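One structure below.
Hydrogens, waters and symmetry mates are skipped; everything else that's a heavy atom, side chains included, is used. Bear in mind the structure is a predicted one, so any value in this text is a computation, not a measurement. Note that ligands are numbered from 1 as they come in the structure, with each ligand's atoms numbered from 1 the same way.
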Amino acid sequence: MHLTITPPDDMHLHLRDGRAMADVVAHTARTFARAVIMPNLQPPVTTAAAACAYRQRIIDALPEGSNFEPLMTLYLTDLTSPDEIVEAAADDTIVGVKLYPAGATTNSDAGVTDLDLVIPTLETMSEHCLPLLVHGEVTDPAVDIFDRERVFIDRVLAPLVERVPDLRVVFEHITTADAVAWVLQAPPRIVATITPHHLLLDRNAIFSGGLDPHHYCLPVLKRNRHREALLWAATSGNPRFFLGTDSAPHPRHAKECAHGCAGIFSAHAALELYAEAFEDADALHLLEGFASHHGADFYGRPRNGGAITLVREEWTAPATYAFGDAVVVPLRAGGTIRWRVAKEEDVGTLER
Ligand code: NCD
Ligand code: ZN
Ligand code: ZN
């Protein structure tokens with residue numbers, strides 16, 4: 001069995017920087033034509049000039065012959081000025097601005113402390129059709145970690161959407177039935193990305209066989225009923241839900257320790273893992289829209305040309321991959337993955 005689709009785009013990807021970036025970018029470029037690159041480096045990518053320099057470093061690190069296109073983002077801070085937005089909007093390689101509530105996730109310390117401070121900036125984004133990409137969790141320590149996304153909708157996102165008319169918003173890596181329901185009732189300028197791990201795993205995975213740091217990410221995995229809602233949304237054919245892996249590599253030693261980092265690395269097999277989730281939902285015919293059409297359409301980019309073929313053939317994921325001076329442990333490390341991407345030279349030999 002095989003499935004041929006338009007080459008996909010990953011609309012939420014962490015590549016990091018330096019030698020580690022050079023090691024991970026090839027995984028994504030293997031299957032994805034483009035990716036929206038997250039700006040939470042240290043220091044964060046806060047200006048159009050910094051985004052342009054980072055983009056060049058990514059392109060320089062690509063394997064020979066790769067046409068992979070990085071779509072860049074700016075990191076919103078309390079100090080991001082409307083002028084900076086005007087400059088970013090004029091740059092065709094920048095596709096959005098990322099909101100990290102300060103303290104919500106990895107490298108979010110420079111994030112926004114109070115949205116009231118950036119309203120003029122958000123209004124300028126709205127005028128220039130530059131979307132806001134949102135890590136949607138409150139940081140209030142009094143709110144249970146499993147409720148932080150749901151509470152964010154009520155306290156922050158819904159009021160924001162009212163306050164800045166026409167602002168286009170990507171609710172990133174949604175994890176709850178509440179987020180699915182909210183997106184469906186929101187205006188069409190509101191869309192959401194869904195990760196492979198939130199489609200395949202529920203919160204039991206964090207504890208199965210002993211505490212497993214490689215299943216710790218933010219927003220944290222939720223109950224199975226939320227996973228089912230996400231799978232329903234991803235396989236609904238609704239163009240407002242699309243692929244964003246949130247592949248977020250950390251060196252093994254930063255995961256396997258006390259106070260380990262949040263983030264799951266899935267770029268080694270992202271499309272293949274989505275195919276598993278869609279197959280389980282009997283919805284393989286809807287994978288192409290989710291992976292290759294809806295995101296491009298939202299960002300106003302042409303759909304990719306060419307084709308990519310997935311084959312229903314099992315393989316074993318390695319225990320680790322190279323990651324700069326260290327290694328990264330991938331999702332499903334040492335386990336079986338049910339699909340693989342066909343090599344170009346093999347595609348002609350597959351039966352139709
Ligand atoms: C991401 C990272 O490591 O940069 N971690 C994560 O758990 N998702 C940050 C993020 O996307 O929130
Ligand atoms: Zn995030
Ligand atoms: Zn992320």
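- For ligand 1, one of its N or O atoms has an N or O atom of G263 under 3.5 Å away.
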TODO: Give the C-alpha distance, both sets of side-chain angles, the deciding distance and a yes or no for side chain to side chain donor-acceptor pair (under 3.5 Å) between H14 and D246.
DONE: CA-CA 7 Å; H14 299 270; D246 193 22; 2.9 Å; yes

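- For the ligand labelled ligand 1, residue N40 lies inside the 4.0 Å heavy-atom shell.
- A distance-only check finds no donor-acceptor pair linking the side chain of T309 to the backbone of A342 [under 3.5 Å].
- Below 3.5 Å of separation, one finds no N or O of Y100 facing any N or O of ligand 1.
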Would you mind writing out the side-chain donor-acceptor pairs for residues 155-169 within the sub-3.5 Å range, not counting sequence neighbours?
unit_1: R155; atom_1: NH1; unit_2: D140; atom_2: OD2; d: 3.2
unit_1: R163; atom_1: NH1; unit_2: D116; atom_2: OD1; d: 2.8
unit_1: R168; atom_1: NH2; unit_2: F298; atom_2: O; d: 2.3

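- A salt bridge is absent between D202 and K222; no separation between the charged side-chain nitrogens and carboxylate oxygens falls under 4.0 Å.
- Put simply, no part of E137 is less than 4.0 Å from ligand 1, judged by heavy atoms.
- A salt bridge between E272 and R30 is present, with a side-chain N of the basic residue lying under 4.0 Å from a carboxylate O of the acidic one.
- The protein heavy atom nearest to atom 5 (N) of ligand 1 is A262 O, 3.2 Å.
- Less than 4.0 angstrom separates some heavy atom of C217 from each of these atoms of ligand 1: 7 (O).
- Checking only distances, A248 never comes within under 3.5 Å of ligand 1, N or O to N or O.
- Between D147 and R150, at least one side-chain nitrogen of the basic residue sits less than 4.0 Å from a carboxylate oxygen of the acidic one, meeting the salt-bridge criterion.
- Using a non-hydrogen distance threshold of 4.0 Å, M38 does not register as a contact of ligand 1.
- Geometric assessment of R34 against the ring of F68 yields a negative cation-pi assignment under the 6.0 Å and 45° thresholds.
- For residues 250-280, the pairs satisfying ring pair (Phe, Tyr, Trp, His ring centres under 6.0 Å) are H27-F265, F265-H268, H268-Y321, Y274-F290, F278-F290, with sequence neighbours left out.
- Between the side chain of R227 and the main chain of L199, a donor-acceptor pair closer than 3.5 Å is present.
- Residue contacts with ligand 1 do not include E172, since none of its heavy atoms lies under 4.0 Å from the ligand.
- Closest of all the heavy-atom pairs between P63 and A26 is CG-CB, 3.8 Å.
- In the hydrophobic clustering, where aliphatic and aromatic side chains (Ile, Leu, Val, Met, Phe, Trp, Tyr) are joined below 4.5 Å either directly or transitively, L79 stands alone.
- The atoms of ligand 1 that sit less than 4.0 Å from any heavy atom of H173 are 11 (O), 12 (O).
- When hydrogens are left out, the protein atom nearest atom 6 (C) of ligand 1 is L218 O, 3.5 Å; that is the closest non-hydrogen contact.
- With W315 contributing its side chain and W339 its backbone, the two residues share a donor-acceptor pair below 3.5 Å.
- With hydrogens left out, the protein atom closest to atom 8 (N) of ligand 1 is D246 OD2, 2.7 Å, a heavy atom.
- Nearest protein neighbour of atom 10 (C) of ligand 1, counting heavy atoms only, is T105 OG1, 3.3 Å.
- For a distance threshold of 2.8 Å, the protein N, O or S atoms nearer than that to the Zn ion (ligand 2), listed by chain and number, are H135 ND1, H173 NE2.
- Within the 3.5 Å criterion, the main-chain N or O of V183 finds a donor-acceptor partner in the side chain of R240.
- Interface atoms of ligand 1 facing H250, defined by a heavy-atom separation under 4.0 Å, are 3 (O).
- When H12, H14, R16 are checked for heavy-atom proximity to atom 3 (O) of ligand 1, R16 turns out nearest.
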